[in-house]
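Each chain gets a letter, A, B and so on, in the order its sequence line appears, and its residues count up from 1.
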2 protein chains.
Amino acid sequence: MELAEAKQRFIEAWGKLGSEWGINRTMAQVHALLLISPEALTTEQVMEQLQISRGNANMTLRDLINWGLIEKQHRSGERKEYFFAEKDVWTIARQVAKERKRRELEPVLKLLTQLQEVEGDAQDPEYTTFKKSVTDINKLAGNVDSTLETMLKAEENWFFGSIFKLFK
Amino acid sequence: MELAEAKQRFIEAWGKLGSEWGINRTMAQVHALLLISPEALTTEQVMEQLQISRGNANMTLRDLINWGLIEKQHRSGERKEYFFAEKDVWTIARQVAKERKRRELEPVLKLLTQLQEVEGDAQDPEYTTFKKSVTDINKLAGNVDSTLETMLKAEENWFFGSIFKLFK
DNA sequence: TCAAACTTTCAATATTTATTGAAAGATATT
DNA sequence: AATATCTTTCAATAAATATTGAAAGTTTGA
């Protein structure tokens, strides 16, 4: 396979995977493009390569900065901004985990904890079933949360290495 | 908080969480409804409670069956079908992990492995950067895949318990 | 101060995704 | 075999989400 085709395929696959997991397709594609690019790119270059509008490129690049996945670079003597992606995959994974935990997992955990306190008749199956489901989910979500917390602090080799040793 | 309100909030939160993670909001809501319901429900009841159309209810219930999250029940003397959700949260988590692994992770893993074999000039930064990124992602994805595989076979207490013992 | 170079905004538009509901398809009952 | 009960399908429609591009905003340097 040609490098050019491989790049294309990678960008498309990354976009598809992103959209399947609730991440804007274009954002995932821009990230993919920068990830495989040895040099920082300008907005112009991103627009050109992915055939997207200026507005779209601008918003998407800003979002990626907010996710902590890319950064702006400036070059002396130039006014243009360049964008460069963090290349360490484990750092990227942690960053994504961190953001999604904060944006999506934590609010749900908070609500679940509230819902657990609903009052009711212990004889009423409607009540007991609700309470049990909510409590169980809350417990599991707490476990997931702790595991993510551990992941955020850990080195890749340590994290996976230790899990594997354990489960062999 | 009233039970009725708590139920409502739970269903909404579950729907929102689902949609943030690429799962149809209605599907997540129907699942939530059945999860907190002590009895199996009919299509009619699901339509009524969530205010959705017959077609939508039917398709959604079928999808949930395909995800292995609910099952049909029949009652002697009745022609109506009843739907009942698996209530064990760890089983649900495993089921979701299994399906998403199969549907989304595995195809990407396959492609990454192909892309890793792209030929090129080892002096060309375009080539080396691409190759390194793809290889690194592939490695990480492989680790995730193995961990999920372990999770699929494990009991909840063992899985999380072991992780926690390790990371304390 | 002006204008060139670049970035940001956002209302209009397009695309994608989800939902409806009526009709067709099953299946059991008389 | 006709009818009643229930399920499934799918083209039309609606809703949600993403994208465009022109205009406004900002910064720099002549």
Side-chain angles (χ1 to χ4, degrees), chain A residues 11-34 40-67 70-84 100 103-104, chain B residues 11-34 40-67 70-84 100 103-104:
Chain A
I11 290 169
E12 271 163 33
W14 217 236
K16 179 149 173 277
L17 189 67
S19 69
E20 285 165 346
W21 287 83
I23 285 160
N24 180 305
R25 169 185 255 92
T26 301
M27 183 166 139
Q29 288 185 338
V30 171
H31 184 233
L33 175 63
L34 290 173
L41 302 182
T42 62
T43 302
E44 212 74 37
Q45 289 174 306
V46 171
M47 289 167 60
E48 152 93 11
Q49 296 238 7
L50 299 179
Q51 291 291 306
I52 61 176
S53 71
R54 185 173 302 285
N56 198 4
N58 184 271
M59 289 180 102
T60 299
L61 288 165
R62 193 208 297 148
D63 284 351
L64 282 168
I65 288 172
N66 289 336
W67 276 76
I70 68 173
E71 56 182 36
K72 279 188 189 177
Q73 281 184 355
H74 291 276
R75 298 190 181 178
S76 51
E78 288 199 56
R79 288 187 55 190
K80 274 200 287 286
E81 292 173 332
Y82 287 78
F83 298 91
F84 186 75
R100 299 207 80 160
R103 297 177 191 206
E104 293 141 17
Chain B
I11 290 168
E12 270 164 32
W14 216 235
K16 178 148 174 278
L17 188 67
S19 70
E20 285 166 345
W21 287 83
I23 285 159
N24 181 304
R25 167 184 258 92
T26 301
M27 181 165 141
Q29 288 185 338
V30 172
H31 183 233
L33 175 64
L34 291 173
L41 302 182
T42 62
T43 302
E44 212 73 36
Q45 289 174 304
V46 171
M47 288 166 61
E48 152 93 11
Q49 297 238 4
L50 299 180
Q51 292 291 306
I52 61 176
S53 72
R54 185 172 302 285
N56 196 4
N58 183 271
M59 289 180 101
T60 299
L61 288 164
R62 192 208 297 144
D63 284 352
L64 282 167
I65 289 172
N66 288 336
W67 275 75
I70 68 173
E71 56 182 36
K72 279 189 190 176
Q73 281 185 354
H74 292 277
R75 298 189 180 178
S76 52
E78 289 198 55
R79 288 186 56 189
K80 275 202 285 286
E81 291 173 333
Y82 287 79
F83 299 91
F84 186 76
R100 299 207 79 159
R103 297 177 191 206
E104 293 142 17

Earlier contact from the 5' end, DNA chain D, for A:Ile23 and A:Arg54: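 Looking at DNA chain D, the more 5' nearest nucleotide goes with A:Ile23.
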Starting from the 5' end of DNA chain D, give me the residue, B:Thr43 or A:Arg25, whose nearest nucleotide shows up first.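 Nearer the 5' end of the strand: B:Thr43.
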Take the protein atom [atom1] of [X] and the nucleotide atom [atom2] of [N], then report the distance between them rounded to whole Å.
{"X": "B:Leu41", "N": "D:dT7", "atom1": "CG", "atom2": "P", "value": "13 Å"}
{"X": "B:Asn56", "N": "C:dT17", "atom1": "CG", "atom2": "C1'", "value": "12 Å"}
{"X": "B:Lys80", "N": "D:dT5", "atom1": "NZ", "atom2": "C1'", "value": "9 Å"}
{"X": "B:Met59", "N": "C:dG21", "atom1": "CE", "atom2": "P", "value": "15 Å"}
{"X": "A:Glu78", "N": "C:dA5", "atom1": "CD", "atom2": "P", "value": "13 Å"}
{"X": "A:Arg79", "N": "C:dA4", "atom1": "CZ", "atom2": "P", "value": "12 Å"}
{"X": "A:Asp63", "N": "C:dT9", "atom1": "CG", "atom2": "P", "value": "11 Å"}
{"X": "A:Ile52", "N": "C:dA14", "atom1": "CD1", "atom2": "P", "value": "19 Å"}

Restricting to non-hydrogen atoms, name the atom on A:His31 and the atom on A:Ile70 that form the minimum distance, rounded to 0.1 Å.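 Heavy atoms only, the tightest pair is CD2-CG2, 4.3 Å.
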Can you give me the closest heavy-atom contact between B:Met27 and B:Asp63, atom names plus distance?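 Looks like SD-CB, 3.8 Å.
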Trace of the salt bridge (Lys or Arg N to Asp or Glu O under 4.0 Å) decision for B:Glu20 with B:Lys16: CA-CA 6 Å; B:Glu20 285 166 345; B:Lys16 178 148 174 278; 3.6 Å; yes
Looking at [X], does any N or O in its side chain come under 4.0 Å of the phosphate oxygens OP1/OP2 on [N]?
{"X": "A:Asn58", "N": "C:dT7", "value": "no"}
{"X": "B:Thr26", "N": "C:dT19", "value": "yes"}
{"X": "B:Asn24", "N": "C:dT19", "value": "yes"}

Just checking B:Glu44: base, sugar-phosphate only, or nothing, at a heavy-atom cut-off of under 4.0 Å?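 B:Glu44: no heavy atom of the nucleic acid under 4.0 Å.
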Given D:dT8, D:dT9, C:dT20, identify the nucleotide with an atom nearest to the side chain of B:Ser53.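 Side chain of B:Ser53 sits closest to C:dT20.
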With heavy-atom distances below 4.5 Å as the criterion, would you say the side chains of B:Glu81 and B:Gln73 are in contact?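 Not in contact.
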Heavy-atom distance under 4.5 Å between the side chains of A:Lys72 and A:Phe83, does that happen here?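 Touching, per the 4.5 Å side-chain cut-off.
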